[in-house]
Student: 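After the structure tokens below, expect a handful of questions from me.
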Amino acid sequence: MSILVNKRTRLVVQGITGGEGTFHTSQMLAYGTNVVAGVTPGKGGIKYKGNEKDHFNRAVPVYDTVADAVQHEGADTSIIYVPAGFAGDAIMEAADAGIKLVVCITEGIPVKDMVNVYEYISKKGVRLIGPNCPGIITPGEAKVGIMPAFIHKPGRIGVISRSGTLTYESVWQLTERGIGQSTCIGIGGDPIIGTRFIDAIKLFNEDDKTDGVIMIGEIGGSAEEEAAEYIKKNVSKPVVGFIAGRTAPPGRRMGHAGAIISGGKGTAKEKMDAMRAAGIRVVESPALMGETMKQSLAKKYKAKYTIKAKKKSVSKKKSTAKKSNRKKKSTPKKKR
Amino acid sequence: MKIHEYQGKDILRKYGVAVPRGEVAFTVDQAVDGAKKLGGSVWVVKAQIHAGGRGKGGGVKVAKSIDEVKQYAKQILGMTLITHQTGPEGRLVKRLLIEEGANIDKEMYVGITLDRVKSRNVVMVSTEGGMEIEKVAEEHPERIVKEHIDPAVGFQQFQARKLAFALGLSSGDVYKNAVKFLMALYRAYEATDASLFEINPLVITKEGNVIALDAKVNFDDNSLYRHPEFAELRDTDEEEPLEIEASKSNLNYIKLDGNVGCMVNGAGLAMATMDIIKLAGGEPANFLDVGGGANAQTVENGFKIILADHHVKAILINIFGGIVRCDRVANGVVEAAKKVHVNVPIVIRLAGTNADIAADILKNSGMSFLVAENLKDAAEKVTKALAA
């Protein structure tokens with residue numbers, strides 16, 4: 001029940017021996033993420049168990065290059081915790097080594113580097129999440145990022161957001177209401193990012209384990225409008241949206257490099273209007289994201305679950321045990 | 001990072017972009033000396049502030065004699081220039097650019113920036129010089145011609161030719177000069193890690209020269225570490241004093257005009273918190289992202305910055321504790337509030353790791369914090385605090 005990462009993910013951590021890399025690897029390991037290797041150039045050959053502050057629950061083999069980690073450990077996904085000046089290079093190294101999904105946490109990568117990186121990975125057919133993002137988590141299966149694990153709960157709602165803590169806020173609102181998440185992706189706050197709303201929406205739309213999506217945008221750019229256009233034409237799952245920065249003044253960067261209204265474009269109002277026109281339930285207050293999703297699900301679920309029940313008897317693709325189990329899990333959601 | 005026009009032109013000149021000769025002046029005497037040094041019979045006296053629309057606001061004057069240079073320099077230096085980009089409070093003019101006059105035949109536009117949709121740089125030209133490009137884009141999008149840059153090979157001659165032809169600069173010296181200008185301009189953009197070049201107007205002189213009559217140059221903040229030489233171009237007079245103060249404490253602060261201060265971790269949540277304040281009937285007084293490590297020191301610095309703005313009638317602290325534990329934040333808030341005399345109501349909402357312990361700490365602190373259960377409750381408490 002997920003997109004992009006799951007129990008089978010074989011993760012390599014680039015920059016594993018650094019402070020950030022060590023701390024977050026310890027957290028990812030504790031969550032049960034399948035971390036198969038680390039990379040720190042010059043430290044290849046050691047088995048790393050963390051530092052005096054942060055201990056790993058098991059040793060992770062460290063390699064000099066991502067290519068080595070792929071060859072020896074079969075790594076297929078990478079997470080990057082290297083400083084901004086070297087992060088673009090790290091993304092390209094992962095892409096060159098045959099990694100298919102690269103998650104870059106690093107904030108502050110020069111735009112010029114990212115123009116080149118974007119071109120490079122597009123040619124290689126590699127998916128990048130971020131940079132300047134909290135990462136991606138499939139609750140109960142794999143945490144590939146820096147998000148606090150405990151706020152999540154396995155379930156059937158996808159979350160996509162340009163922000164970190166605002167993602168946590170929405171996830172927490174869902175979890176508090178007993179609504180679990182299929183996968184949560186922080187796509188990042190930079191002007192150039194690898195995976196945009198539209199890409200993530202497509203994946204969630206095609207994922208039969210995702211029943212609805214929360215989409216959290218912010219001022220700047222036009223990625224929300226682009227996604228709204230797609231949703232209008234292709235998505236029937238309930239989508240709840242919020243755009244941060246209605247009160248942000250034009251011409252000022254609001255923390256994120258990409259959060260800026262320039263030339264009167266990229267305002268929250270434009271985005272909210274486009275999203276509403278696409279049938280997305282846009283909330284005015286970020287306090288209402290979870291509640292609105294709950295209502296949307298209740299409305300949709302009634303009809304949908306009856307249809308599903310019928311489908312179940314017809315389709316023999318998946319085990320009935322699993323399905324009924326899931327159904328049991330989701331029933332109280334509606335009532336709570 | 002924004003720089004002044006004269007600084008931008010100095011940089012362009014280095015890369016072979018044609019710009020008028022000019023002299024910077026901080027005093028009237030320097031303006032007169034500069035004009036004499038330039039020679040000729042026509043000079044332009046230009047206010048140097050980090051905002052557009054200076055001409056309309058009275059910050060750009062053409063002088064026909066040295067006496068007029070003096071007169072205009074006196075008039076503009078020290079004036080508060082109000083343009084559509086400065087806001088109603090305007091900007092105090094402390095620097096001038098004295099430039100040789102140009103024999104203008106046509107005014108056009110060229111800009112270079114990142115196209116976020118394509119994740120590539122784009123060079124844009126338009127025959128509509130002197131107008132705001134956003135307006136042209138809205139009213140006559142067909143008059144803007146774009147060339148996207150393939151990062152693998154960079155800006156190519158044929159692209160410069162296409163743009164020159166699109167501007168109607170199709171033969172003779174003016175065509176050659178236009179291609180040369182565009183090539184040099186892109187070279188400068190790449191070399192300086194710029195995020196925006198705007199030459200408006202780009203001028204075609206009666207002699208067939210192609211020159212940058214104005215230059216708006218912004219650099220990518222993330223790349224500044226590669227360009228230590230740009231540090232001296234920073235003009236702190238153009239920045240909000242409180243923002244400079246905040247940046248010293250590593251706080252990401254932007255001053256706004258409202259009455260409710262806020263302190264939040266994370267940029268997205270900070271913007272969302274501002275939106276909540278508005279919904280609660282207040283106006284956000286600032287954007288403040290304290291980042292991942294919200295400890296007593298950062299909270300104390302945050303309080304000081306927020307309270308330095310006397311319009312603040314209440315403060316909303318909104319922290320989502322993930323990696324950072326709420327009980328630590330709560331202790332930090334209590335400690336900081338004791339140190340800094342806070343005379344406005346403080347609404348606190350702490351969620352996430354150890355939020356329960358944090359709530360107890362705040363309740364037992366003996367201070368009158370308004371502790372909110374969730375975002376909705378926080379908004380209501382802000383409304384109440386403002387009404388009181």
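All values below come from the heavy atoms of this structure, side chains included, with hydrogens, waters and symmetry mates left out. In what follows, every chain begins at residue 1, and chains take the letters A, B, ... in the order their sequences are listed. Just so you know, these numbers come straight off a predicted model, no measurement behind them.
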Student: Chain B: which of Pro110(A), Ala223(A), Gly85(A) shares the most heavy-atom pairs with it under 4.5 Å?
Tutor: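 So the answer, after comparing Pro110(A), Ala223(A), Gly85(A), is Pro110(A).
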Student: Within the structure provided, determine whether Phe320(B) and Leu166(A) are in side-chain contact (heavy-atom separation under 4.5 Å).
Tutor: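 In short, these two side chains do not touch, never coming nearer than 4.5 Å.
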Student: Please state whether the side chain, the backbone, both or neither of Ile109(A) comes within less than 4.5 Å of a heavy atom of chain B.
Tutor: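 Backbone only.
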Student: I'd like to verify something: which residue of Ala259(A), Pro191(A), Pro148(A) has the highest number of heavy-atom pairs under 4.5 Å with chain B?
Tutor: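 Between Ala259(A), Pro191(A), Pro148(A), the count favours Pro191(A).
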Student: For chain B, which of Gly164(A), Gly245(A), Gly263(A) has the most heavy-atom pairs under 4.5 Å?
Tutor: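 Going by pairs under 4.5 Å, I would pick Gly245(A).
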Student: What heavy-atom pair brings Gly352(B) and Phe150(A) nearest, and what distance separates the two atoms?
Tutor: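 Result for this residue pair: C-CZ, 3.5 Å.
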Student: For each of Ala149(A), Gly255(A), Pro249(A), tally heavy-atom pairs with chain B at distances under 4.5 Å, and name the one with the top tally.
Tutor: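 So the answer, after comparing Ala149(A), Gly255(A), Pro249(A), is Gly255(A).
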Student: Determine the minimum heavy-atom distance between Ala244(A) and Gly268(B), stating which atoms define it.
Tutor: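 Smallest interatomic distance, heavy atoms only, reads CB-O, 3.8 Å.
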Student: Between these two chains, chain A and chain B, I want each donor-acceptor atom pair under 3.5 angstrom written on its own line with its distance.
Tutor:
from	atom 1	to	atom 2	distance (Å)
Ile109(A)	O	Asn222(B)	ND2	3.1
Val111(A)	N	Asp220(B)	OD2	2.8
Lys112(A)	NZ	Glu190(B)	O	2.7
Asp113(A)	OD1	Arg226(B)	NH1	3.3
Asp113(A)	OD1	Arg226(B)	NH2	2.6
Asp113(A)	OD2	Arg226(B)	NH2	2.6
Glu119(A)	OE1	Arg120(B)	NH2	2.7
Glu119(A)	OE2	Arg120(B)	NH2	3.3
Thr165(A)	OG1	Asn265(B)	O	2.8
Glu169(A)	OE1	Arg349(B)	NH1	2.6
Glu169(A)	OE1	Arg349(B)	NH2	3.1
Glu169(A)	OE2	Arg349(B)	NH2	3.1
Arg196(A)	NH1	Val117(B)	O	2.9
Arg196(A)	NH2	Arg116(B)	O	3.4
Arg196(A)	NH2	Val117(B)	O	2.8
Arg196(A)	NH2	Ser119(B)	OG	3.2
Gly245(A)	N	Asp275(B)	OD2	2.8
Arg246(A)	N	Asp275(B)	OD1	3.0
Arg246(A)	N	Asp275(B)	OD2	3.3
Thr247(A)	N	Asp275(B)	OD1	3.1
Thr247(A)	OG1	Asp275(B)	OD1	2.9
Arg252(A)	NH1	Glu243(B)	OE2	3.3
Arg252(A)	NH2	Glu243(B)	OE1	2.8
Arg252(A)	NH2	Glu243(B)	OE2	3.4
Gly258(A)	O	Arg116(B)	NH1	2.8
Gly258(A)	O	Arg116(B)	NH2	3.0

Student: Given the options Gly217(A), Gly264(A), Gly220(A), which has more heavy-atom pairs under 4.5 Å with chain B than any of the others?
Tutor: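 The option with the most such pairs is Gly220(A).
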